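Please read the structure below before turning to the comments.
Small disclaimer: the values here were computed from a predicted structure and weren't measured.
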Amino acid sequence: MLQLGDEITLYSLVFVVVLLGTRSPVWTTVFTASLYLFLAMFRFPQLPASRARQVLHPVKGAAGSGKVSVVAHRGGGHDAPENTIAAIREASKNGATGVELDLEFSADGVPVLMHDETVDRTTNGSGPLSQMKFSDLGKLDAAAKHRFREKFAGEKVPTLEEAVEECIRLQLTIYFDVKGHPDKAAAALTDLYKKHPVLYNSSIVCSFEPKVIYRMRQSNSNVVTALTHRPWSLSRFGDGAPRFSSPWKHHWMTLMDMVLDWAHHHVLWKLCGISAFLIQKNFVSLDYVQYWAQRGVEVVAWTVNTKVEKDYYQELLQVNYITDSLVEDCDPHY
């Protein structure tokens, strides 16, 4: 639910900034009014809270405690080769409520599970995914670089369809993490929802890219969606190291990070009409959870990999979390 305070803060800030830049009360008023009309006309309404709860808190038991759902990151990449059928099955066996799966596309347009832009890190192949046909991917061993490579030897890169069918069979909630390709992804997912209507109440589409979520809502406004966010993601890698050696570029991207963070918390979530906000674990607190709860949005934390952290999220914060392992503590998988 949109808070009146949000509206006042947003448009007051915009008014002041534009006024300082233009020194024209008339143009400032026109710009602010245009922004208001744009958001009013083009934003998507949030889905009913009951729909979101059905997806985010299914009846099926979990490794967590009651209200908290535990989601296996990339299927649980520490316990089995990430983004594979084996990982999905292992996650189910270990008590996960759901799995987070990365959607990408082969060179011939087949939707597949893959996190990286290349196949180098997770398979025995090499090269950009975008240059490989699905028949080429079928020759790769998706377990080749995993610590349990012998146990899962010969595991294949699955199609999105194969993964979804396995999740439905195992009654796992699916967090579709869309890496890009807004139009292709929206079309592929829309086809899946038509073929498997059960997904409406057992899956959520997530992305770091707001345009992906907006395009998904345009294609099918009944799909539960979420924005994914990590503060300082433009200027720093997941481990905190700077992305750029140039001080000028680093400071510029840091400024862009601040703008992006503000936009996520004040504009983009409203424009897309999301039901959940996936946020890097280090930025979650009781106040933060309450901030989003007041707006009808649930927080999901990632990536929560130690028992101490899991207890904190389950017992104190009581919010869903995504983890790389259901069975032991481990380092985060970036």
Side-chain angles (χ1 to χ4, degrees), residues 71-94 96 98-170 172 174-181 184-185 188-189 192 206-209 228 230 233 237-239 241 243 302-303 305 322-334:
V71 180
H73 187 219
R74 306 177 196 169
H78 184 74
D79 304 331
E82 66 178 56
N83 285 310
T84 63
I85 301 299
I88 293 170
R89 291 171 179 165
E90 200 74 8
S92 178
K93 184 180 74 173
N94 292 330
V99 291
E100 181 258 9
L101 303 173
D102 296 302
L103 170 58
E104 264 292 356
F105 293 88
S106 63
D108 47 347
V110 178
V112 297
L113 301 192
M114 183 70 66
H115 178 271
D116 299 358
E117 295 180 351
T118 72
V119 300
D120 299 50
R121 182 177 60 84
T122 57
T123 78
N124 58 342
S126 180
L129 177 65
S130 61
Q131 296 178 14
M132 293 188 172
K133 293 183 178 181
F134 183 68
S135 58
D136 299 323
L137 295 176
K139 301 173 185 177
L140 304 180
D141 183 352
K145 305 291 179 65
H146 196 267
R147 64 192 189 114
F148 294 141
R149 62 181 66 87
E150 294 181 2
K151 177 181 178 181
F152 296 106
E155 191 67 24
K156 299 301 181 183
V157 175
T159 65
L160 178 65
E161 174 80 17
E162 291 170 338
V164 165
E165 290 179 350
E166 189 65 16
C167 290
I168 292 173
R169 185 182 74 82
L170 296 172
L172 290 170
I174 306 173
Y175 285 57
F176 293 111
D177 185 6
V178 183
K179 316 310 292 184
H181 321 287
K184 289 171 66 175
L189 289 169
L192 270 182
C206 321
S207 182
F208 278 93
E209 299 186 23
T228 307
R230 176 175 64 81
S233 60
F237 292 108
D239 60 1
R243 288 184 182 273
W302 56 272
T303 307
N305 281 352
I322 299 173
T323 182
D324 286 312
S325 177
L326 276 294
V327 296
E328 63 183 4
D329 291 1
C330 67
D331 293 329
H333 291 218
Y334 297 111

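A side-chain donor-acceptor contact under 3.5 Å links His146 to the backbone of Ala80. Under the 3.5 Å distance criterion, the side-chain polar atoms of Glu162 are matched with a main-chain donor or acceptor of Thr159. Checking side-chain atoms of Glu100 against main-chain N and O of Ile322 turns up no donor-acceptor pair under 3.5 Å. Looking only at distances, no side-chain donor or acceptor of Asn83 sits under 3.5 Å from a matching main-chain atom of Leu113. A distance-only check finds a donor-acceptor pair linking the side chain of Arg243 to the backbone of Ser233 [under 3.5 Å]. The closest donor-acceptor contact from the side chain of Arg74 to the backbone of His333 lies under 3.5 Å. In this structure, Thr303 contributes its side chain and Pro332 its backbone to no donor-acceptor pair below 3.5 Å. Judged by distance alone, with hydrogens and angles left aside, the side-chain atoms of Asn124 form no donor-acceptor pair with the main-chain N or O of Ala144 at under 3.5 Å.
Taking all atoms of both residues into account, the shortest heavy-atom contact from Cys330 to Ser325 is SG-CB, 3.9 Å. Shortest non-hydrogen contact noted between Val110 and Phe134 is CG2-CB, 3.9 Å. In plain terms, the two heavy atoms of Ala72 and Leu326 that are nearest each other are CB-CD2, 3.9 Å.
Here the side chains of Lys151 and Glu90 are in contact, with some heavy-atom distance below 4.5 Å. In this structure, the side chains of Asp331 and Asp324 stay at 4.5 Å or more apart for every pair of heavy atoms. His73 is not listed as a side-chain neighbour of His78, based on a closest heavy-atom distance of 4.5 Å or more. Looking only at side-chain heavy atoms (C-beta outward), Met114 and Thr122 come within less than 4.5 Å of each other. No side-chain heavy atom of Val119 sits under 4.5 Å from any side-chain heavy atom of Val157. Leu160 places none of its side-chain heavy atoms less than 4.5 Å from the side chain of Leu101.
Of the inter-residue distances, the one linking Leu140 atom CG with Thr123 atom OG1 reads 4.5 Å to the nearest 0.5 angstrom. Taken to the nearest 0.5 Å, the CD atom of Glu104 stands 8.0 Å off from the NZ atom of Lys184. Note: Ile85 CD1 to Phe152 CZ = 12.5 Å, rounded to the nearest 0.5 Å. Summarising the geometry, atom CZ belonging to Arg121 is positioned 14.0 Å from atom OG belonging to Ser126; distances are rounded to the nearest 0.5 Å. Of the inter-residue distances, the one linking Ile88 atom CD1 with Glu166 atom CD reads 6.5 Å to the nearest 0.5 angstrom. With rounding to the nearest 0.5 Å, the separation of CG in Asp177 from SG in Cys206 is 6.5 Å.
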Please walk me through it: do Glu82 and Lys145 pass side chain to side chain contact (heavy atoms under 4.5 Å, CB included)?
CA-CA 10 Å; Glu82 66 178 56; Lys145 305 291 179 65; over 6 Å; no

Could you please spell out the steps behind the side chain to side chain contact (heavy atoms under 4.5 Å, CB included) verdict for Lys139 and Met132?
CA-CA 11 Å; Lys139 301 173 185 177; Met132 293 188 172; over 6 Å; no

Checking Leu170 against Val99 for the side chain to side chain contact (heavy atoms under 4.5 Å, CB included) test, could you report, in this order, the C-alpha distance in whole Å, the side-chain angles of both residues, the deciding distance, and whether it holds?
CA-CA 11 Å; Leu170 296 172; Val99 291; over 6 Å; no

Side chain to side chain contact (heavy atoms under 4.5 Å, CB included) assessment of Glu161 paired with Leu192
CA-CA 8 Å; Glu161 174 80 17; Leu192 270 182; 3.1 Å; yes

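If you run side chain to side chain contact (heavy atoms under 4.5 Å, CB included) between Phe176 and each of Asp102, Val164, Leu103, only Val164 comes through.
One finds a salt bridge joining Arg147 and Glu328 here, because a Lys/Arg side-chain nitrogen approaches an Asp/Glu carboxylate oxygen to under 4.0 Å.
Inspection of the Asp108 and Ser106 side chains reveals an N or O donor paired with an N or O acceptor under 3.5 Å.
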